[in-house]
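Some notes on the structure that comes next.
Predicted, not measured: the structure shown is a model, and the values here were computed from it.
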Amino acid sequence: MDYTSSDEIHFYHNSDMAQRASSLKIGIVGYGHLGQFLVEKIQLEGPEVGLQLAYVWNRNPEKLKDSVSKDLILNDLSDFAHRDADVIVEVCHPQIVKDFGAKFLSHAHFLVGSPSALSELQLEQELRTAAKHHGRTLYIPSGALWGGQDIQRMNDNGTLKALSIRMSKHPSCFRLTGGRLSDWTEGEGRRVLFHGSVAELCPIAPNNVNTMAAAAIAASKLGFRGVTGEIVSDTSLADYHIVEVEATGPDGFTVKMVRKNPAKLGAVTGNATYNSFWSSLLVCRGHGGTVYLC
(Lines give C-alpha, C1' and ligand atoms only; values in the text may rest on other atoms or scores of the structure.)
Protein backbone atom coordinates (compact mmCIF):
# COMPACT_ATOMS: atom_id res chain seq x y z
CA MET A 1 0.00 0.00 0.00
CA ASP A 2 1.20 3.47 -0.81
CA TYR A 3 -0.94 6.28 0.57
CA THR A 4 0.52 9.63 -0.45
CA SER A 5 -0.68 13.18 -0.09
CA SER A 6 -2.29 12.93 -3.51
CA ASP A 7 -4.39 9.86 -2.68
CA GLU A 8 -8.00 9.87 -1.55
CA ILE A 9 -7.25 8.35 1.88
CA HIS A 10 -6.22 10.77 4.61
CA PHE A 11 -4.73 10.14 8.04
CA TYR A 12 -5.62 12.74 10.63
CA HIS A 13 -4.07 13.32 14.04
CA ASN A 14 -6.36 14.48 16.82
CA SER A 15 -4.67 17.89 16.98
CA ASP A 16 -6.16 18.89 13.61
CA MET A 17 -8.73 21.65 13.91
CA ALA A 18 -12.15 21.59 12.28
CA GLN A 19 -13.36 24.44 10.12
CA ARG A 20 -16.86 25.78 10.36
CA ALA A 21 -19.25 25.46 7.44
CA SER A 22 -22.82 24.23 6.93
CA SER A 23 -24.28 21.60 9.23
CA LEU A 24 -23.07 18.07 8.55
CA LYS A 25 -25.31 15.02 8.97
CA ILE A 26 -23.61 12.05 10.64
CA GLY A 27 -24.65 8.40 10.46
CA ILE A 28 -23.37 6.31 13.37
CA VAL A 29 -22.97 2.58 12.70
CA GLY A 30 -22.53 0.76 16.00
CA TYR A 31 -23.68 1.56 19.51
CA GLY A 32 -21.08 0.12 21.83
CA HIS A 33 -19.22 2.35 24.27
CA LEU A 34 -17.64 4.47 21.53
CA GLY A 35 -20.85 4.72 19.52
CA GLN A 36 -22.78 5.82 22.59
CA PHE A 37 -20.13 8.43 23.35
CA LEU A 38 -20.32 9.89 19.84
CA VAL A 39 -24.11 9.94 19.78
CA GLU A 40 -24.23 11.75 23.11
CA LYS A 41 -21.56 14.24 22.01
CA ILE A 42 -23.40 15.02 18.78
CA GLN A 43 -26.68 15.44 20.62
CA LEU A 44 -25.14 17.74 23.24
CA GLU A 45 -22.49 19.64 21.29
CA GLY A 46 -23.42 19.02 17.67
CA PRO A 47 -25.35 22.26 17.13
CA GLU A 48 -22.34 24.31 18.30
CA VAL A 49 -19.87 22.62 15.93
CA GLY A 50 -22.23 22.08 13.00
CA LEU A 51 -22.98 18.36 13.40
CA GLN A 52 -26.32 16.57 13.58
CA LEU A 53 -27.37 12.93 13.70
CA ALA A 54 -28.72 11.44 10.50
CA TYR A 55 -29.28 8.00 12.03
CA VAL A 56 -27.93 5.41 14.45
CA TRP A 57 -27.71 1.70 13.65
CA ASN A 58 -26.94 -1.15 16.00
CA ARG A 59 -27.01 -4.89 15.45
CA ASN A 60 -29.50 -5.08 18.32
CA PRO A 61 -31.92 -2.15 17.80
CA GLU A 62 -33.50 -2.77 21.20
CA LYS A 63 -30.41 -1.21 22.77
CA LEU A 64 -31.27 2.12 21.13
CA LYS A 65 -34.87 2.54 22.23
CA ASP A 66 -34.28 4.29 25.54
CA SER A 67 -31.57 6.68 24.35
CA VAL A 68 -32.19 7.45 20.66
CA SER A 69 -35.40 8.92 19.29
CA LYS A 70 -37.39 6.56 17.08
CA ASP A 71 -36.99 8.66 13.96
CA LEU A 72 -33.17 8.39 14.21
CA ILE A 73 -33.04 4.59 14.57
CA LEU A 74 -32.02 2.74 11.42
CA ASN A 75 -33.34 -0.79 11.77
CA ASP A 76 -31.87 -2.22 8.56
CA LEU A 77 -28.36 -1.07 7.66
CA SER A 78 -29.09 -1.79 4.00
CA ASP A 79 -31.44 1.21 4.09
CA PHE A 80 -28.66 3.67 5.01
CA ALA A 81 -28.79 5.42 1.62
CA HIS A 82 -32.31 6.67 2.33
CA ARG A 83 -31.11 8.69 5.35
CA ASP A 84 -28.87 11.10 3.41
CA ALA A 85 -25.84 11.22 5.73
CA ASP A 86 -22.82 13.34 4.76
CA VAL A 87 -20.40 11.23 6.81
CA ILE A 88 -20.89 7.62 7.89
CA VAL A 89 -18.96 6.58 11.01
CA GLU A 90 -18.32 2.88 11.63
CA VAL A 91 -17.63 2.01 15.28
CA CYS A 92 -18.57 -1.65 15.61
CA HIS A 93 -16.60 -4.33 13.75
CA PRO A 94 -14.26 -4.80 10.76
CA GLN A 95 -16.87 -7.03 9.08
CA ILE A 96 -19.08 -3.98 8.56
CA VAL A 97 -16.21 -2.28 6.74
CA LYS A 98 -15.88 -5.33 4.50
CA ASP A 99 -19.61 -5.70 3.83
CA PHE A 100 -20.62 -2.06 3.49
CA GLY A 101 -17.50 0.09 3.05
CA ALA A 102 -17.69 0.50 -0.73
CA LYS A 103 -21.46 1.00 -0.55
CA PHE A 104 -21.05 3.70 2.11
CA LEU A 105 -18.55 5.54 -0.08
CA SER A 106 -21.00 5.60 -2.96
CA HIS A 107 -23.22 7.87 -0.86
CA ALA A 108 -21.06 9.62 1.76
CA HIS A 109 -17.62 10.18 3.20
CA PHE A 110 -16.63 7.26 5.42
CA LEU A 111 -14.78 7.36 8.75
CA VAL A 112 -13.45 3.87 9.51
CA GLY A 113 -13.36 3.10 13.21
CA SER A 114 -12.02 -0.40 12.51
CA PRO A 115 -9.06 0.23 10.18
CA SER A 116 -7.72 -3.23 11.00
CA ALA A 117 -10.04 -4.34 8.18
CA LEU A 118 -7.72 -2.58 5.74
CA SER A 119 -5.01 -5.15 6.41
CA GLU A 120 -6.74 -7.13 3.64
CA LEU A 121 -5.15 -5.76 0.49
CA GLN A 122 -8.13 -6.51 -1.74
CA LEU A 123 -10.50 -4.61 0.54
CA GLU A 124 -8.11 -1.68 0.84
CA GLN A 125 -7.90 -1.45 -2.95
CA GLU A 126 -11.68 -1.74 -3.28
CA LEU A 127 -12.29 1.13 -0.86
CA ARG A 128 -9.65 3.33 -2.46
CA THR A 129 -11.24 2.75 -5.86
CA ALA A 130 -14.73 3.49 -4.53
CA ALA A 131 -13.57 6.68 -2.81
CA LYS A 132 -11.88 7.94 -5.96
CA HIS A 133 -14.76 6.97 -8.24
CA HIS A 134 -17.41 8.69 -6.13
CA GLY A 135 -15.32 11.69 -5.09
CA ARG A 136 -15.49 10.74 -1.41
CA THR A 137 -12.94 10.65 1.40
CA LEU A 138 -12.03 7.62 3.43
CA TYR A 139 -11.02 8.95 6.85
CA ILE A 140 -8.73 7.03 9.18
CA PRO A 141 -8.85 8.24 12.83
CA SER A 142 -5.61 8.33 14.80
CA GLY A 143 -7.22 6.69 17.85
CA ALA A 144 -4.62 5.87 20.49
CA LEU A 145 -1.69 6.46 18.12
CA TRP A 146 0.63 9.22 19.30
CA GLY A 147 2.91 10.94 16.80
CA GLY A 148 1.00 9.77 13.74
CA GLN A 149 1.70 12.90 11.72
CA ASP A 150 5.41 12.66 12.47
CA ILE A 151 5.42 9.05 11.33
CA GLN A 152 3.64 10.05 8.15
CA ARG A 153 6.13 12.86 7.47
CA MET A 154 9.05 10.45 7.85
CA ASN A 155 7.26 8.02 5.57
CA ASP A 156 6.60 10.63 2.90
CA ASN A 157 10.17 11.94 2.83
CA GLY A 158 11.65 8.45 2.77
CA THR A 159 13.40 8.53 6.15
CA LEU A 160 11.24 5.97 7.98
CA LYS A 161 13.25 2.74 8.04
CA ALA A 162 11.30 0.74 10.62
CA LEU A 163 8.25 1.08 12.88
CA SER A 164 7.18 -1.12 15.77
CA ILE A 165 4.26 -0.86 18.19
CA ARG A 166 3.63 -2.74 21.42
CA MET A 167 0.21 -2.68 23.11
CA SER A 168 0.01 -3.95 26.69
CA LYS A 169 -3.33 -4.44 28.44
CA HIS A 170 -4.98 -6.42 31.18
CA PRO A 171 -6.08 -9.78 29.69
CA SER A 172 -9.76 -8.89 30.22
CA CYS A 173 -9.32 -6.05 27.71
CA PHE A 174 -8.37 -8.29 24.78
CA ARG A 175 -10.89 -9.65 22.28
CA LEU A 176 -8.95 -12.30 20.40
CA THR A 177 -10.20 -14.75 17.78
CA GLY A 178 -10.07 -18.50 18.17
CA GLY A 179 -10.40 -18.51 21.95
CA ARG A 180 -6.86 -17.24 22.44
CA LEU A 181 -6.07 -16.08 25.98
CA SER A 182 -9.10 -17.91 27.40
CA ASP A 183 -6.78 -19.60 29.89
CA TRP A 184 -5.50 -16.46 31.65
CA THR A 185 -5.49 -16.34 35.44
CA GLU A 186 -5.34 -13.38 37.79
CA GLY A 187 -1.85 -12.65 38.99
CA GLU A 188 -0.05 -14.48 36.18
CA GLY A 189 1.80 -11.31 35.19
CA ARG A 190 3.09 -10.54 31.73
CA ARG A 191 2.58 -12.73 28.65
CA VAL A 192 3.54 -11.89 25.06
CA LEU A 193 0.59 -13.00 22.93
CA PHE A 194 1.92 -12.14 19.49
CA HIS A 195 4.97 -10.60 17.85
CA GLY A 196 5.12 -10.15 14.09
CA SER A 197 3.69 -8.11 11.23
CA VAL A 198 0.57 -6.00 11.77
CA ALA A 199 -0.91 -7.74 8.72
CA GLU A 200 -0.78 -11.07 10.58
CA LEU A 201 -1.94 -9.55 13.86
CA CYS A 202 -5.08 -7.76 12.62
CA PRO A 203 -7.13 -10.95 12.03
CA ILE A 204 -6.10 -12.24 15.47
CA ALA A 205 -7.09 -9.11 17.41
CA PRO A 206 -9.35 -7.09 15.07
CA ASN A 207 -10.93 -5.07 17.88
CA ASN A 208 -7.71 -4.33 19.75
CA VAL A 209 -5.15 -3.24 17.17
CA ASN A 210 -6.80 -0.39 15.28
CA THR A 211 -4.04 1.86 16.60
CA MET A 212 -1.51 -0.37 14.86
CA ALA A 213 -3.59 -0.33 11.68
CA ALA A 214 -3.60 3.48 11.75
CA ALA A 215 0.18 3.40 12.15
CA ALA A 216 0.54 1.04 9.18
CA ILE A 217 -1.49 3.46 7.08
CA ALA A 218 0.63 6.41 8.21
CA ALA A 219 3.76 4.38 7.42
CA SER A 220 2.42 3.40 4.01
CA LYS A 221 5.79 2.58 2.44
CA LEU A 222 6.25 -0.09 5.11
CA GLY A 223 2.57 -1.01 5.11
CA PHE A 224 0.80 -3.61 7.19
CA ARG A 225 3.42 -6.24 6.42
CA GLY A 226 6.38 -3.98 7.14
CA VAL A 227 5.21 -2.57 10.50
CA THR A 228 5.88 -4.80 13.51
CA GLY A 229 3.20 -5.30 16.15
CA GLU A 230 3.26 -6.92 19.56
CA ILE A 231 0.41 -7.45 22.01
CA VAL A 232 1.10 -8.21 25.66
CA SER A 233 -1.27 -9.45 28.35
CA ASP A 234 -0.33 -8.07 31.77
CA THR A 235 -2.48 -8.64 34.83
CA SER A 236 -0.78 -5.73 36.62
CA LEU A 237 -2.39 -3.25 34.20
CA ALA A 238 -5.71 -2.88 35.99
CA ASP A 239 -6.10 0.87 35.43
CA TYR A 240 -4.65 1.70 32.02
CA HIS A 241 -3.42 0.49 28.63
CA ILE A 242 0.14 1.12 27.43
CA VAL A 243 1.02 1.85 23.80
CA GLU A 244 4.72 1.98 22.92
CA VAL A 245 5.81 3.22 19.49
CA GLU A 246 9.36 3.11 18.16
CA ALA A 247 10.21 4.76 14.85
CA THR A 248 13.64 4.27 13.29
CA GLY A 249 15.26 6.55 10.72
CA PRO A 250 18.66 6.76 9.04
CA ASP A 251 22.05 7.01 10.77
CA GLY A 252 20.85 5.59 14.09
CA PHE A 253 17.93 8.03 14.48
CA THR A 254 15.29 6.59 16.84
CA VAL A 255 12.18 7.97 18.52
CA LYS A 256 10.40 6.07 21.29
CA MET A 257 6.97 7.11 22.57
CA VAL A 258 5.06 5.63 25.52
CA ARG A 259 1.37 6.40 26.01
CA LYS A 260 -0.51 5.39 29.17
CA ASN A 261 -4.23 5.52 28.53
CA PRO A 262 -6.52 5.18 31.58
CA ALA A 263 -8.99 2.33 31.09
CA LYS A 264 -11.36 0.20 33.12
CA LEU A 265 -10.97 -3.55 33.46
CA GLY A 266 -12.45 -5.25 30.42
CA ALA A 267 -12.46 -2.09 28.31
CA VAL A 268 -11.22 -2.54 24.74
CA THR A 269 -10.83 1.23 24.32
CA GLY A 270 -8.95 3.52 26.71
CA ASN A 271 -10.62 6.67 28.04
CA ALA A 272 -8.52 9.20 26.10
CA THR A 273 -9.28 7.48 22.80
CA TYR A 274 -12.90 8.62 22.94
CA ASN A 275 -11.99 12.29 22.74
CA SER A 276 -9.37 11.51 20.11
CA PHE A 277 -12.09 9.96 17.97
CA TRP A 278 -14.33 12.99 18.49
CA SER A 279 -11.50 15.22 17.28
CA SER A 280 -11.14 13.05 14.18
CA LEU A 281 -14.84 13.47 13.50
CA LEU A 282 -14.43 17.24 13.75
CA VAL A 283 -11.77 17.02 11.05
CA CYS A 284 -14.38 15.38 8.83
CA ARG A 285 -16.51 18.36 9.76
CA GLY A 286 -13.81 20.57 8.28
CA HIS A 287 -14.08 18.91 4.87
CA GLY A 288 -17.74 17.96 4.99
CA GLY A 289 -20.51 18.93 2.62
CA THR A 290 -18.22 19.16 -0.43
CA VAL A 291 -16.40 16.73 -2.69
CA TYR A 292 -12.85 16.68 -1.37
CA LEU A 293 -10.44 15.70 -4.14
CA CYS A 294 -6.74 15.37 -3.39
Would S114 and E90 satisfy side chain to side chain donor-acceptor pair (under 3.5 Å), going step by step from the backbone distance to the final call? CA-CA 7 Å; S114 301; E90 173 275 320; 2.7 Å; yes
Does V245 form a side chain to side chain contact (heavy atoms under 4.5 Å, CB included) with L145? I'd like the steps, not just the answer. CA-CA 8 Å; V245 180; L145 178 65; 4.1 Å; yes
Starting from the C-alpha separation in whole Å, work towards a yes-or-no answer on side chain to side chain contact (heavy atoms under 4.5 Å, CB included) for Y55 and V29. CA-CA 8 Å; Y55 61 82; V29 179; 4.3 Å; yes
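Side-chain atoms of K63 come within 3.5 Å of backbone atoms of Y31 as a donor-acceptor pair (strictly under, hydrogens ignored). The main-chain N or O of G266 is found under 3.5 Å from a side-chain atom of S172 such that the two form a donor-acceptor pair. A side-chain donor-acceptor contact under 3.5 Å links H241 to the backbone of A267. Checked by atom type and distance alone, the side chain of T235 pairs as donor or acceptor with a backbone atom of G189 at under 3.5 Å. Between the E48 side chain and the E45 main chain, no donor and acceptor come within less than 3.5 Å of each other. N207 places no side-chain N or O within donor-acceptor distance of the main-chain N or O of R175, the cut-off being under 3.5 Å. Not one N or O on the side chain of K256 forms a donor-acceptor pair closer than 3.5 Å with the backbone of E244. Under the 3.5 Å distance criterion, the side-chain polar atoms of T228 are left unmatched by any main-chain donor or acceptor of S164. Between the side chain of S197 and the backbone N or O of E200 there is at least one donor-acceptor pair closer than 3.5 Å.
Ring to ring, F80 and F104 are close: their centroids are under 6.0 angstrom apart.
The hydrophobic cluster containing L281 also contains L72, counting ILVMFWY residues as joined when their side-chain heavy atoms lie under 4.5 angstrom apart, directly or transitively. The cluster map of Ile, Leu, Val, Met, Phe, Trp and Tyr, joined by side-chain heavy atoms under 4.5 Å apart, puts L160 and F253 in the same cluster. Both W146 and V243 are members of a single hydrophobic cluster when ILVMFWY side chains are connected at heavy-atom separations under 4.5 Å. I42 and L282 fall within the same hydrophobic cluster, defined by Ile, Leu, Val, Met, Phe, Trp and Tyr side-chain heavy atoms under 4.5 Å apart, directly or through other members. Taken together through direct or relayed side-chain contacts under 4.5 Å among Ile, Leu, Val, Met, Phe, Trp and Tyr, V68 and V87 form part of one hydrophobic cluster.
Going from atom CH2 of W57 over to atom CD1 of I96 covers 4.0 Å, rounded to the nearest 0.5 Å. Summarising the geometry, atom CE belonging to M212 is positioned 14.0 Å from atom CD1 belonging to I217; distances are rounded to the nearest 0.5 Å. In this structure, the separation between NZ on K70 and NZ on K65 is 8.0 Å, given to the nearest 0.5 Å. Between the OG1 atom of T137 and the CG atom of L111 there is a distance of 10.5 Å, given to the nearest 0.5 Å. One finds the OG atom of S168 at 10.0 Å from the CD1 atom of I231 (value rounded to the nearest 0.5 Å).
The salt bridge (charged side-chain N to carboxylate O under 4.0 Å, His left out) check on D150 picks up R153, with sequence neighbours excluded.
Atom NZ of K260 has 12 or fewer neighbouring heavy atoms from other residues, nucleotides or ligands inside a 6.0 Å radius.
When all heavy atoms are compared, the tightest approach of N155 to L222 is OD1-N, 4.3 Å.
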